[in-house]
Protein chains: 2
Amino acid sequence: MVCRPEDVGFPAVGSGMSKKTITINEIARLAGVSKKSVSRVLNDEQGVSDKTRAHIKHIMQEAGYEPDRRARALASSRSLLLGLAYNNRNPSYILDLLAGSQRAANALGYEVVMHQIADEGAAADDVIRFMRRSGCDGLIITPPLSESARLLADLVSEDWPMVRVAGDHADFAVPQIRYNDRTAALSLTNQLLKDGHRELAFIGGPAAAGPTKRRLAGIQDALTLHGLTADDLTIVYGDFTFESGKQQGLALLQGSTRPSAIVCANDEMAAGVYHAAAVCGVAIPAELSVTGFDDSPVASHLYPPLTSVRQPVQAMMALAVQMLTGDSKRPPSDRIAQFDAEVVARESTAVPHPINAD
Amino acid sequence: MVCRPEDVGFPAVGSGMSKKTITINEIARLAGVSKKSVSRVLNDEQGVSDKTRAHIKHIMQEAGYEPDRRARALASSRSLLLGLAYNNRNPSYILDLLAGSQRAANALGYEVVMHQIADEGAAADDVIRFMRRSGCDGLIITPPLSESARLLADLVSEDWPMVRVAGDHADFAVPQIRYNDRTAALSLTNQLLKDGHRELAFIGGPAAAGPTKRRLAGIQDALTLHGLTADDLTIVYGDFTFESGKQQGLALLQGSTRPSAIVCANDEMAAGVYHAAAVCGVAIPAELSVTGFDDSPVASHLYPPLTSVRQPVQAMMALAVQMLTGDSKRPPSDRIAQFDAEVVARESTAVPHPINAD
DNA sequence: ATTAGTAGTGAAAACGTTTGGATGAGTTAG
DNA sequence: CTAACTCATCCAAACGTTTTCACTACTAAT
């Protein structure tokens, strides 16, 4: 069957002439009530007798009525849109956040609109313009933006509800939803220590970054637990990129005291360490154990697959959406919510070499 | 500075009493013209003298006026929203598509709403529900969904404008925007042949998939160009996943005639081949050249960095948005648009081993 | 000078919902 | 039996645009 361009171009606008849009008026007429009553049913308001309510619902169902999103938006001055501001790092994580928030938002009749921040320096203006333009009813701020003190300071005076995911800086009045990466780092390190590792190194992101600090703290918690001191841990800092992981990995592996295990603050840097290990001819995990954070796809694609930490994205985003869309009378205790993370053990860690060799 | 929860909860709704929203009425009053004229300027319609237009624009600028998206949507019965349907594979590519479409869409006053298809089997229903719910004005279908004959067949009768990115199946009446991966595969292979490789292998996605067929065709074009035949190419098929690349890579490397170069239909599978090479102790690129497709981040993170093919995402999405939002009177020639792709040469390819050894 | 055509402008009517105040029907207290 | 009150319902007015159509003033052709 050949189709000629001219008869199949863009869909003919008037293709379904008979399909007249059914409005709330129509429903009201059919049900023999006023628009207002139908509106009440739509919005689950009280003031309608159970009998009438059931009747109206039945009529709506029968007519296949779907309230007009645009009209609702205008009249109620809500857009039924939620914004999600993000930075470009770690695409799979961003998409996870999106999927999680969408699932929750859609269930409540909302849609999620994403907005990429190109220049972190001018992030606040960028976000404000976006929110004004899109008319979103609320904003989700994802890491690493949610860590940016400057952005939050500039945004805190704005009118719309906000939530930040995995952000630190408790001194800003933006509610936050976090997961317990400190505890996760603790149990991760704990396993390494149990395996017999004593020469540990940590490659952090920037020293001032929240995730770096929290994950480092967790490692130190584990050291303390095993009666070790801060001296037993070599600490270096990267910037969460593959390249920085590679550089610091090389430095560590070529240094005087080579660690038997390297804990990285994210998977990208762990990938960099893999690269460094390949260059130095160091076998993972036989001669070097490596762990990451975030459980991004790269973690399973590295060889050998990387032990990492997975955060409960679905649950976190569901709560974020709920906080944004819920009625504004909300208990203050919601301002910080914390979830537990899960260590995903793979084949990048093993009992250290010397123990077997002895 | 300590902040108590009760005084910083959600932003007080009435915090800025003085900030009265400025409407089109206000602008009209200030400019001394009617609403209609302001509307004309907003929508770049003709019928306003240049002088008046400039004056109105100036007033709008001065007042910091931003037209209300909701009201526009209701009155014009457009939502000013564009949908982007996607599958979860290759997150970085999806975000690239998003960034590209957003850039173009925002410039035209549109926002982009993403929708993930969970179950490819029920994709059509899923998309239809999404479009009805969100009220998007148009839909962008991304690969691999844009290759799904079933989805397109079910969607083609719908009312909204659609565009598919990088999809095949010319027999469906949905306009498509592609890039020339066949030519890219040709020049990629051409370089390998020039380097002296004669034992070539190709790891495709599913044999029936459009990208597989086109990229394979490009390789064969190159073989023909160098006077070689189909027998000089070993062809195996995976499914675009890391795992399948690894399996097929192992099979190829452990087989009787080991190829000196493997062309993979995407980067994920190339990563799998790296894995296989590591397992077999085959050095890249000294003993084996490898190439990928898509230029995803993994391409630069592999060791050694992977030669790949980059498609002009920005330009493609800009066109997609333009096609969706433009007035419906459009030349039929727009139904298929093709862009050129770019080979990104990195360190995963080299002159084959035996030539140096001879 | 008259007429036809056209570019610029404006008043008013949609668009489909929510919202506030008014109306009417029951119910209870005096 | 009336007054006060509650509850369900309804009418009309927003909400801030676009759209339709009518009008004016100007130019060009007769």
Side-chain angles (χ1 to χ4, degrees), chain A residues 13 19-57 59-60 63-81 109-110 132-135 137 327, chain B residues 13 19-57 59-60 63-81 108-110 132-135 137 325 327:
Chain A
V13 173
K19 195 192 286 180
K20 212 186 70 178
T21 51
I22 37 179
T23 73
I24 196 174
N25 278 310
E26 197 70 3
I27 299 295
R29 195 179 59 75
L30 287 172
V33 299
S34 73
K35 294 199 309 191
K36 175 65 182 171
S37 295
V38 179
S39 175
R40 278 202 236 274
V41 171
L42 276 180
N43 297 303
D44 276 327
E45 288 173 22
Q46 58 179 7
V48 180
S49 66
D50 289 352
K51 181 162 156 283
T52 311
R53 186 181 298 268
H55 178 57
I56 294 177
K57 274 190 177 170
I59 296 283
M60 292 198 311
Y65 168 68
E66 188 96 24
D68 187 307
R69 174 184 205 81
R70 301 179 260 268
R72 290 189 97 174
L74 178 59
S76 64
S77 59
R78 308 173 301 171
S79 62
L80 298 176
L81 257 35
Y110 283 76
R132 289 177 66 93
R133 174 163 46 80
S134 66
D137 295 332
D327 308 87
Chain B
V13 172
K19 193 191 288 179
K20 210 185 73 178
T21 52
I22 38 178
T23 73
I24 196 175
N25 278 309
E26 196 71 3
I27 299 296
R29 195 180 58 76
L30 287 172
V33 299
S34 73
K35 294 199 307 193
K36 176 60 190 170
S37 294
V38 180
S39 175
R40 281 198 240 270
V41 171
L42 276 180
N43 297 302
D44 275 327
E45 287 172 23
Q46 58 179 7
V48 179
S49 67
D50 289 353
K51 180 163 157 280
T52 312
R53 186 180 298 268
H55 178 56
I56 294 177
K57 274 189 176 169
I59 297 282
M60 292 197 311
Y65 167 68
E66 188 95 25
D68 186 308
R69 160 179 219 88
R70 300 179 262 269
R72 292 188 98 175
L74 178 59
S76 64
S77 59
R78 313 171 297 173
S79 63
L80 297 176
L81 257 35
L108 275 62
Y110 283 75
R132 290 178 67 92
R133 174 162 47 78
S134 66
D137 295 331
T325 62
D327 307 86

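Within every chain, numbering begins at 1; the chains are lettered A, B, ... in the order of the sequence lines, protein sequences first and strands thereafter. These figures come from a predicted structure and were not determined experimentally.
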**Q.** CG-OG distance between L81(A) and S134(B), expressed to the nearest 0.5 angstrom
**A.** 9.5 Å
(Q) List the residues meeting side-chain hydrogen bond (donor to acceptor under 3.5 Å, both in side chains) with S77(A), not counting sequence neighbours, and say none if there are none. (A) none
Q: Output the distance between atom CZ (R40(B)) and atom NZ (K36(B)), rounded to the nearest 0.5 Å.
A: 5.0 Å
(Q) Going 5' to 3' along DNA chain D, which are the first and last nucleotides with any atom under 4.0 Å from a heavy atom of chain B? (A) dG16(D) to dT20(D)
Q) Start at the 5' end of DNA chain D and walk down; is the nucleotide closest to G32(A) or to E45(B) reached first? A) G32(A)
Q: Please work out if S76(B) contacts a base, only the sugar-phosphate, or nothing of the nucleic acid, heavy-atom cut-off 4.0 Å.
A: sugar-phosphate
Q | Nearest heavy-atom neighbours spanning R53(B) and E45(B) | A | NH2-O, 2.6 Å
Under 3.5 Å, N/O pairs linking protein and nucleotides 7-9 of chain C:
residue, atom, partner, partner atom, Å
dT9(C), OP1, T52(B), OG1, 2.7
dT9(C), OP2, S49(B), N, 2.9
dT9(C), O4, R40(B), NH2, 3.3

Q: Measure the distance from CG on N25(A) to P on dA14(C) and round it to the nearest whole Å.
A: 13 Å
Q) Do you know which two heavy atoms are closest between I56(B) and A31(B), and how far apart they sit? A) CG1-CB, 4.3 Å
(Q) Here's a test of your reading of the structure: between L42(A) and A75(B), which maps to the more 5' nucleotide of DNA chain C? (A) A75(B)
Q | Evaluation steps, side-chain contact (heavy atoms from CB on, under 4.5 Å), between L42(A) and M60(A) | A | CA-CA 10 Å; L42(A) 276 180; M60(A) 292 198 311; 4.0 Å; yes
**Q.** Nearest-angstrom distance from the residue atom NZ of K35(A) to C1' of dG20(C)
**A.** 14 Å
List, with names and distances, any nitrogen or oxygen atoms from the protein found under 3.5 Å away from nitrogen or oxygen atoms belonging to nucleotides 22-27 of chain C.
none

**Q.** Within-4.5 Å side-chain heavy-atom neighbours: D137(B) and T325(B)
**A.** no
Q) Which is true for G135(A) with a 4.0 Å heavy-atom rule: it touches a base, it touches only sugar-phosphate, or it touches nothing? A) nothing
Q: Note the angle between the end axes of the helix from dA1(C)-dT30(D) to dG30(C)-dC1(D), five pairs defining each, rounded to 10 degrees.
A: 50°
Q: Write down the atom of V48(B), the atom of T52(B), and the distance for their closest heavy-atom approach.
A: CG1-CB, 3.8 Å
Q. Rounded to the nearest 0.5 Å, how far apart are CD1 of I22(A) and CZ of R29(A)?
A. 11.5 Å
Show me the side-chain donor-acceptor pairs of residues 63-76 of chain B shorter than 3.5 Å, one per line, residues at least two apart or across chains.
residue, atom, partner, partner atom, Å
D68(B), OD1, R70(B), N, 2.6
D68(B), OD1, A71(B), N, 3.1
R69(B), NH1, R133(A), O, 3.3
R69(B), NH2, L80(B), O, 2.7
R70(B), NH1, G135(A), O, 3.4
R72(B), NH2, N43(B), OD1, 2.7
S76(B), OG, R72(B), O, 2.6
S76(B), OG, R78(B), NE, 3.2

